Amino acid sequence: MFKKNSKRNRILTAILLFSFVLSAAGCGKSEDYRYGKGLHQLEMMEKTDDNSSANNDYSNNDPTNDPSDDGNNEGTTQAESTPGNETYSDTENAEFEAYLDDIFKKAVTADTLSYNYQIKDGSKYGIEPPKATLGDAKLDQATLEKQQKDMQDDYDKLMTFENASLTEEERFIFNTLKTDKEIELKLFDNKYLYEPFSPMRGFQANIATNFTDYRFDDKSDVEDYVVMMGQMRDYVDETLKFEYEKSKAGYFMSDKVADKVIEQCDEFTAEGENHFLIETFDERIDQLSFLSEDEKKDYKKRDKEAVLNSAIPAFQDIKKTMQELKGTGKNDLGICYYDGGRDYYSEYIFPSFSGSDKTCNDEILVMDTRQQQLILEMSAIYYSNADAYQYFADHYSDIQSEYDKMSATEMIDYLMGNVMDDFPELDKIPYKANYLDKHMEKIMDHTLAYYMSPAIDDEENNLIYVNGAHPDGMWTTLSHEGCPGHMFQNTYFQATNPKPIRAIQGNLGYMEGWAVYSSYSTLSKCDFGGSQYAAQLGQLLKINEDLGYLLYGRIDLGVNFEGWTEDDVNKYLEKSGYGTDIAEDIMTTVIGDPGVYLSYTTGYYEMEEMRKYAEEELGGNFDAKQYHKAILSCGPCQYKDLKTVVDKYIQENR
C-alpha cells in the first residue's frame, strides 16, 4: 500500500554561498528552456518532438464543477466536439461501467490492509470484506507468470473499449487506465529488478505504520488486525525466498543497502516486550467503546503474543537473510548495470514515479538547465540585496522559528486561513494532526510527516502524522502534507464525487508534484516574523528547497540511468557547490530505491510546466483559482493525460 510519506532528509545547501561565484560565467546568457510536450509513452518515448497527444482533449469531471454541489456529476456530459474532434456519448456505456466496477472491487479486496485503507463500508459498493490476509507473498515463477497474464488480460479487456461510445468522463478514465497499465506491464520485464525490502519503499520500512494507521471501526477490524499480525512471519518468510532466488541469479542488493535494511530490523526489534506496536495497540484498544473490558483484555493478550511470536521474529528473519546474502550481489552501482536495468528504469521506474512521459535524457536536460537557472536566480537576489541574502544564510536554521513553535494543528489551521486565496473554495476540512510515537521517530527518521487519506466513503478522517524529532521547517512540511498540499488535493477531488475507480487511482508524480508546487506557492505569503526581507526570504527558501530536491533527483538519474559511480557523484557535488561527505549516503539511497525522489523533482517540474503553458496560452485571461480548480477536479493521473484537461480549460477561457 502506497503511503504518502517519503520526504528527503534536510540538508543545508552549501550552494547558497557558492552560487554567486558561478553566476559570473552564466550572466551573459540565460536560455529559456521550453519543456517538452505530450510525448508518447513507453515504446514511443524516443520520439521527443512528438506532440500528438496534445490533441487528446479528455477530461474527467467538468473543471468548473463545484465540489460543494450535492449532486452526483456522473453521466451528465453531453455529446459535443472537442478541440481534438472527439465526440462523446450522452449516456454511459453499461459494459464499460461494469468493467470499471470489477477492477475497483478487485483492487480494494486484494488484501485486508488495502481494504481498510480504502473502504469503510463495503456494502455501499456491493463488496464483502476480504478474509483477514496480508495478501499473497509468493514471488515464484508460476505466481509471477499468472500475475502477468492477469494484468495482460485486464489490459486487453480495457482495449476492447478503445473505439467504444463513451461519455467524456469515461473516455478520460479509459485513457488514464491505458497509460497506467502500459507502464505497469513493464514491471515484468525483469522480475529480479523488483526489490520487496528496499530501505524506503520496502515491507520492513512501512509495515509498522500500515498497522498503526489501521482503522478500528468495529470488532471485526480488531479481530482482523490481530490475525494479520500473527501472519507476518509466514508472509515475510515466503517473500524472503525471493531474496535467495535473486541472490542465486546475481541480483541481490548491494552490501551498503543491505546494511540499511539490517539497521531498520535492529530498530524494530530492539524493545522486545515493550515494543511500540504492543503499546500503541493497547492505547488504541482502550479508546474503543464497542469492546467490553474482557474483550479488550483478550485482544491485548493476543496482540502481544502475535507481536512477540510473529512480527519480531519476521524482522529477525529479514536481518538473518540480509546477513547471509551480503556479498552475493554482483552490482554495487545503479540499476542500469543489471541486464535490462536501464530500460527498466526508463520505461517503468521513471514514468511510474515522475508521472512524466519525457525521456530520461530529456529530464536530465531539464534538471541541468534548471540548476543553472536557480543559481542565476539566487545570484540575482544576492547582487540586488546582499543584506537579505546574508540574513537568509545566517538564519537558515531558524528562519521560520515562530511557525515551528506552533503545534501541528495550529500550523495547519493557520495555513487554511491565510494562504488559500489562489485555490478554489472548500468547506473546512475535518482532520487530526498527531505526532508519531517516540519509538517510531527513529524508525521513520527519513520522514518529516505524512498525510493519511481517509477511506473514500469516510471523508471525516483525514490524518496527518508529524515526526516530532524534526521540529523545524513546519511551514513547508505542513503546507506540503496539509493545505494546500496533499490533504487539500485529496479532499477537493473526493468532493467532486468521482467514480470509485478514480477515487482510488493515485499517481505519485501528480500527487507529490502538486504538494511541492502548492507548498512553494505559499512562501510568498509568509512574513518570516515580520522581516523586512520577507519577499527575498520566500524566494530564497523556495530556491533552496528546489535545489535540495534537484540534487537527489539528478543523482538518481545519474546513478541509475547514466551509470554514475561514486567518483561521478563526488564530481557532481563539487561542481554544484556541495561537500562530498554526503555522496555515499545519497548514492546508497538512490541505489536502494531507484526513482524515489523523481515524484518530488520531475513531478513538480511537470506541474510547474503545465502552469506556465496555461499562462502563456491565456495571457490576461489566466485565473489561478480557476486553473487550480481544473487541475484538482481532474484528480491524479499521468501528466500527458492531465494536459488534455488543461487544454480544455484553456479553450474554455480564451
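As a basis for the values below, the full set of heavy atoms in this structure was taken, side chains included, without hydrogen atoms, waters or symmetry mates. Everything quoted here is computed from the prediction, not taken from an experiment.
Taking Asp102 as the reference, Lys106 meet the side-chain contact (heavy atoms from CB on, under 4.5 Å) condition, with sequence neighbours excluded. Residues meeting the side-chain contact (heavy atoms from CB on, under 4.5 Å) test with Asp259, sequence neighbours left out: Ile262, Lys326.
A heavy-atom distance below 4.5 Å is not found between the side chains of Tyr348 and Leu193. Asp282 places none of its side-chain heavy atoms less than 4.5 Å from the side chain of Ile285. For the pair Met452/Ile464, no side-chain contact is recorded, criterion being any heavy-atom separation below 4.5 Å from C-beta on. Put simply, the side chain of Leu177 reaches to within 4.5 Å of the side chain of Ile103, judged on heavy atoms.
Between the Thr209 side chain and the Thr212 main chain, no donor and acceptor come within less than 3.5 Å of each other. Formation of a donor-acceptor pair under 3.5 Å by the Asp404 side chain with backbone atoms of Met474 is found in this model. Judged by distance alone, with hydrogens and angles left aside, the side-chain atoms of Trp514 form no donor-acceptor pair with the main-chain N or O of Ile631 at under 3.5 Å. Here the side chain of Glu410 pairs a donor or acceptor atom with the backbone of Ser407 at under 3.5 angstrom. A donor-acceptor pair under 3.5 Å is absent between the side-chain atoms of Gln147 and the main chain of Leu144, judged by distance alone. The main-chain N or O of Met200 is found under 3.5 Å from a side-chain atom of Asp593 such that the two form a donor-acceptor pair. Counting only distance, with no hydrogens or angles, the side chain of Gln494 and the backbone of Ala503 share a donor-acceptor pair below 3.5 Å. In this structure a side-chain-to-backbone donor-acceptor pair under 3.5 Å is missing from Asp150 to Asp153. Between the side chain of Tyr639 and the backbone N or O of Gly603 there is at least one donor-acceptor pair closer than 3.5 Å.
No side-chain N or O of Asn206 forms a donor-acceptor pair with one of Asn210 less than 3.5 Å apart. Looking only at atom types and distance, the side chain of Thr179 has no donor-acceptor partner in the side chain of Gln638 under 3.5 Å away. Residues Tyr451 and Asn490 bring a donor and an acceptor atom of their side chains to less than 3.5 Å of each other. Side-chain contact, Tyr117 with Ser453: a donor N or O sits under 3.5 Å from an acceptor N or O. Residues Glu182 and Tyr155 bring a donor and an acceptor atom of their side chains to less than 3.5 Å of each other. If you check the side chains of Arg284 and Gln287, you find no donor sitting under 3.5 Å from an acceptor. There is no side-chain donor-acceptor pair under 3.5 Å between Glu441 and Tyr435. One side chain, Thr143 or Asp140, offers a donor N or O that lies under 3.5 Å from an acceptor on the other. There is a side-chain donor-acceptor pair under 3.5 Å between Ser479 and Ser519. For Ser123 and Asp121, the side-chain atoms include at least one donor-acceptor pair closer than 3.5 Å. Side-chain N/O atoms of Gln505 and Thr176 include a donor and acceptor closer than 3.5 Å. A donor and an acceptor atom, one from each side chain of Tyr344 and Asn560, are nowhere located under 3.5 Å apart.
Contact check on Lys256 versus Glu584 returns a salt bridge, with a Lys/Arg side-chain nitrogen under 4.0 Å from an Asp/Glu carboxylate oxygen. Salt bridge Glu305/Lys301: present, at least one basic N to carboxylate O contact under 4.0 Å. Ion pairing between Lys248 and Glu245 fails under the 4.0 Å rule for side-chain N and carboxylate O. Checked for salt-bridge contact, Arg302 and Glu223 meet the test: a charged N lies under 4.0 Å from a carboxylate O. Using a 4.0 Å cut-off between a side-chain N of Lys or Arg and a carboxylate O of Asp or Glu, Lys300 and Asp286 qualify as a salt bridge. Under the 4.0 Å criterion applied to side-chain N and carboxylate O atoms, Asp585 and Lys260 are assigned as salt-bridge partners. Here Asp221 does not pair with Arg215 in a salt bridge; the nearest charged N to carboxylate O distance is not below 4.0 Å.
In summary, of the residues considered (Gln141, Lys149, Gln148), a side chain to side chain donor-acceptor pair (under 3.5 Å) with Glu145 occurs for Gln141 alone.
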Could you go through the side chain to side chain contact (heavy atoms under 4.5 Å, CB included) check for Ile119 and Phe104 one step at a time? CA-CA 11 Å; Ile119 300 292; Phe104 166 74; 3.7 Å; yes

Passes side-chain hydrogen bond (donor to acceptor under 3.5 Å, both in side chains), Asp413 versus Tyr431? Steps please. CA-CA 10 Å; Asp413 286 346; Tyr431 77 94; 2.8 Å; yes

Worked verdict on Leu642 versus Asn507 for side chain to side chain contact (heavy atoms under 4.5 Å, CB included): CA-CA 11 Å; Leu642 180 62; Asn507 183 280; over 6 Å; no

Hey, mind stepping through Phe268 and Ile318 against side chain to side chain contact (heavy atoms under 4.5 Å, CB included) and telling me if it holds? CA-CA 11 Å; Phe268 183 91; Ile318 297 171; over 6 Å; no

Set out, in order, the CA-CA distance, both residues' side-chain angles and the distance that settles side-chain hydrogen bond (donor to acceptor under 3.5 Å, both in side chains) for Glu606 and Ser356, then state yes or no. CA-CA 7 Å; Glu606 292 283 337; Ser356 173; 2.8 Å; yes

The test is ring pair (Phe, Tyr, Trp, His ring centres under 6.0 Å); show your working for Phe281 and Tyr225 and say whether it passes. CA-CA 10 Å; Phe281 179 83; Tyr225 176 102; 5.0 Å; yes

Please determine whether side chain to side chain contact (heavy atoms under 4.5 Å, CB included) holds for the pair Val516 and Met607, giving the CA-CA distance in whole Å, both sets of side-chain angles, and the decisive distance to 0.1 Å. CA-CA 9 Å; Val516 174; Met607 190 66 72; over 6 Å; no

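Closest approach of Asn309 and Arg233 over heavy atoms only: O-CD, 4.4 Å. A pairwise comparison of heavy atoms in Ala314 and Val236 identifies O-CG1, 3.6 Å as the closest pair. Across Met229 and Ala306, no two heavy atoms sit closer than the pair CG-CB, 3.6 Å. Of all the heavy atoms in Glu512 and Ser599, the pair that sits closest is CB-O, 3.4 Å. Here the shortest heavy-atom pairing between Ser518 and Gly485 reads OG-CA, 3.5 Å. Across Pro454 and Glu459, no two heavy atoms sit closer than the pair CG-CA, 4.2 Å.
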Kindly list each side-chain donor-acceptor pair under 3.5 angstrom involving residues 125-137, sequence neighbours excluded, with atom names and distances?
{"unit_1": "Thr133", "atom_1": "OG1", "unit_2": "Gly135", "atom_2": "N", "d": "2.9"}
{"unit_1": "Asp136", "atom_1": "OD1", "unit_2": "Lys138", "atom_2": "N", "d": "3.0"}

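Taking the six-membered ring for Trp and the full ring otherwise, the centers of Phe252 and Tyr244 sit at least 6.0 Å from each other. Aromatic pair Tyr597/Tyr549: centroids not less than 6.0 angstrom apart.
For the ring-ring contact (aromatic ring centres under 6.0 Å, His included) condition, the pairs that include at least one residue of residues 180-210, sequence neighbours left out, are Tyr192-Tyr251, Phe203-Tyr235. For residues 284-305, no pair satisfies ring-ring contact (aromatic ring centres under 6.0 Å, His included), with sequence neighbours left out. Listed by first and then second residue, the side chain to side chain donor-acceptor pair (under 3.5 Å) pairs that reach into residues 267-281 are Glu271-His439, Glu279-His439, sequence neighbours excluded.
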